[in-house]
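The structure under discussion appears below in the form of structure tokens.
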Amino acid sequence: MSAVDASREVLGRGSLYTLGSVAPILANVVVTPFVTRLLGDAEYGVVAVGLILVQVGAMVVGFGLASSITRHGILESSGTDGARALVLQGSALSLAVVVLAVLAGPWWSLPVLSVPWRAGLVFAGLAAAGFVVVLNAQAFLRVQDRPVPFVVMSGVATLGGPLAGLALVAWRASDADDYLFGLLLGYLAAAVIGLVLALRGGRPRTARGDFGRALRIGLPAVPHLVALLLVQNALVLIVSRYFGVADGGRMQIALLLGSAPAMIVSALNNAWAPVIYRTAPEARGAALERTARDVGVVTAALAGGVALLAPFLLRILAPASFAPEQLVPVTAVATLGAVVSVVYLANVHLVFASGRSGGLAIASPVSLVLGVVAAVLLARTGSLTAVAAGFPLIYLALAAGTSLLRRRVSPTRWREAVLAGPLAVGVVVCGAGVLLPSDGVLWLSVRFVLAALLGVALLVLVRRIFRPS
């Protein structure tokens, strides 16, 4: 596969997978305005903690097998059937661990989550088990390159669940527990679909040592994956502790929007990683340079657009009681994380391809700690915007750490300097989103025009990439 074809594959085929991976963003954008208004800031703060439990819990009890399954199906001798077996083995192990954790919930909830144990957190914990099955099944679908079932499963889990939760809250005029129960229903339904898809068309067959090898590659990714989730969620917990649960809910809204470009770029990995794995080793460097540069430009446009349009989008996401105008610079600062994340993502592909992912168990938590310490220190300023700076700082540390690790474990070399231009553009446009005033017709018009220009530039880039050679 040529470098040009690789870029087309990532941004073309990858756009289908991105629809599925971006479903959580779309679901939250659709449902959040109603949920915040029905529950209020205190109960929504509990929902925010429940969402953290679902996401972080799934990464911890998933044991990194979702990362191993795609690699295994493409690069290991047992191939697709071996990956199919890993889906079932990993899901069973995760369910057992979740049941034990839920039973012990009353002992760890308050010191870990800063919220007393309640029914909604039980539902969130069980939803994490369903989420693991979904992630494992989606990893298997990437092996088979089946984006349509991938998207359907994501829609059921991340749109069906929030809609069910919203319906329960509206019908019963109730609290966070009902909303989190709706999330559980969505994840369980998607998990059943995922297991059916994994078993369809073949039988699980595992070679000796497959599961152990998958765990050896996957387990070091657990601190890595948890660190990635805590990039956002740790900041919400910090704000909840230092500013109060209500401000934690406001921070969650700002980061929900500000991290959306980073989530979209991460979603491209569903096509990006398999493309790099399937490329011949001697051509991987050139393919990575071309794809990273194009992904970097797309990311700069997306992040800048969100930063510039934050005054409009936040008013949709949250009512006036959340003071959305004060969250504009918070959101814009967070979008810088997406710009920097491209460096990290490009290097981590080569780390996983090498099969020597152990260093991620050190690099990612260290990056998280550095960002969290910075955010805690910045919390003393009393500014949510200052705390939000922890988001891009963590990604900056991740980029440096994975770059060093890649040089150590991968034989493939590539020129990271190709990302200098996209990084510079991203910093400028996201910085404009932070600094430009967010009120008054004139400044709102300036923001809108700049965002429109970014959109035009993005369309020109996409057209150039897909123009026949």
Side-chain angles (χ1 to χ4, degrees), residues 25 28-29 32-33 36-37 41 44 232 235-236 238-239 242-244 246-264 297-341 374-375 377-393 395-396 422-459:
I25 303 173
N28 280 316
V29 168
T32 297
T36 54
R37 288 165 172 81
D41 52 6
Y44 186 77
Q232 175 179 342
L235 300 184
V236 175
I238 288 170
V239 170
Y242 284 91
F243 295 77
D247 276 329
R250 294 177 67 231
M251 188 67 165
Q252 198 271 342
I253 293 293
L255 291 178
L256 169 67
L257 181 58
S259 66
M263 291 183 66
I264 293 172
V297 174
V298 170
T299 303
L302 291 174
V306 170
L308 291 167
L309 296 176
F312 308 96
L313 300 173
L314 285 167
R315 285 179 172 85
I316 297 173
L317 285 174
S321 62
F322 278 63
E325 68 283 350
Q326 297 176 10
L327 300 178
V328 171
V330 181
T331 298
V333 166
T335 60
L336 288 165
V339 178
V340 181
S341 73
L377 293 175
L378 292 169
R380 298 176 182 178
T381 67
S383 168
L384 294 182
T385 303
V387 176
F391 191 76
L393 287 175
Y395 271 112
L396 184 62
L423 285 172
V425 172
V427 170
V428 169
V429 293
C430 293
V434 176
L435 298 175
L436 288 176
S438 58
D439 55 359
V441 175
L442 174 61
W443 288 112
L444 290 176
S445 299
V446 170
R447 283 176 171 266
F448 186 83
V449 169
L450 290 175
L453 291 175
L454 282 177
V456 171
L458 180 58
L459 291 175

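Along the sequence shown, residues are numbered consecutively beginning with 1.
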Listed by chain and number, what are the side chain to side chain contact (heavy atoms under 4.5 Å, CB included) partners of [X], not counting sequence neighbours?
X: T385; answer: P329, V330, V333, S383
X: A332; answer: A307, V434
X: L393; answer: A374
X: A424; answer: none

Which atom pair, heavy atoms only, marks the closest approach of [X] to [Y]?
X: A379; Y: F243; answer: O-CZ, 3.7 Å
X: L235; Y: F391; answer: CD1-N, 3.7 Å
X: A386; Y: T381; answer: CB-OG1, 3.5 Å
X: L454; Y: G304; answer: CD1-C, 3.7 Å
X: V328; Y: P311; answer: CG2-CA, 3.8 Å
X: A303; Y: V339; answer: CB-CG2, 3.9 Å

Exercise for the section: Evaluate the criterion side-chain contact (heavy atoms from CB on, under 4.5 Å) for residue pair M251 and V387; output intermediate values, then yes/no. Expected result: CA-CA 9 Å; M251 188 67 165; V387 176; 3.9 Å; yes
Handout entry: For E325, all residues meeting side chain to side chain donor-acceptor pair (under 3.5 Å), sequence neighbours excluded
Key = none
Practice task
Sort out for me which residue in L308, T299, V306, L257 forms a side-chain contact (heavy atoms from CB on, under 4.5 Å) with T335.
Solution key: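 Among L308, T299, V306, L257, the one that satisfies the side-chain contact (heavy atoms from CB on, under 4.5 Å) with T335 is V306.
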Practice task
Might you work through the side-chain contact (heavy atoms from CB on, under 4.5 Å) test for V429 and L450, ending with a clear yes or no?
Solution key: CA-CA 9 Å; V429 293; L450 290 175; over 6 Å; no
Practice task
Take W443 and D439, measure what side-chain contact (heavy atoms from CB on, under 4.5 Å) needs, and give me the verdict at the end.
Solution key: CA-CA 6 Å; W443 288 112; D439 55 359; 5.5 Å; no
Handout entry: N/O donor-acceptor pair under 3.5 Å between R447 side chain and L436 backbone
Key =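 Confirmed, R447 side chain pairs with L436 backbone.
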Exercise for the section: Please tell me if the side chains of F322 and L317 come closer than 4.5 Å, counting only heavy atoms from C-beta onward. Expected result: no
Handout entry: Within-4.5 Å side-chain heavy-atom neighbours: V236 and R250
Key =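 SC-SC contact between V236 and R250 ruled out.
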To the closest 0.5 Å, what do you measure between [atom1] ([X]) and [atom2] ([Y])?
X: S341; Y: L396; atom1: OG; atom2: CG; value: 11.5 Å
X: L378; Y: L384; atom1: CG; atom2: CG; value: 11.5 Å
X: I238; Y: D247; atom1: CD1; atom2: CG; value: 14.0 Å
X: S438; Y: L314; atom1: OG; atom2: CG; value: 9.0 Å

Exercise for the section: Apply side-chain contact (heavy atoms from CB on, under 4.5 Å) to the pair L444 and F312, showing each step before the final yes or no. Expected result: CA-CA 9 Å; L444 290 176; F312 308 96; 3.9 Å; yes
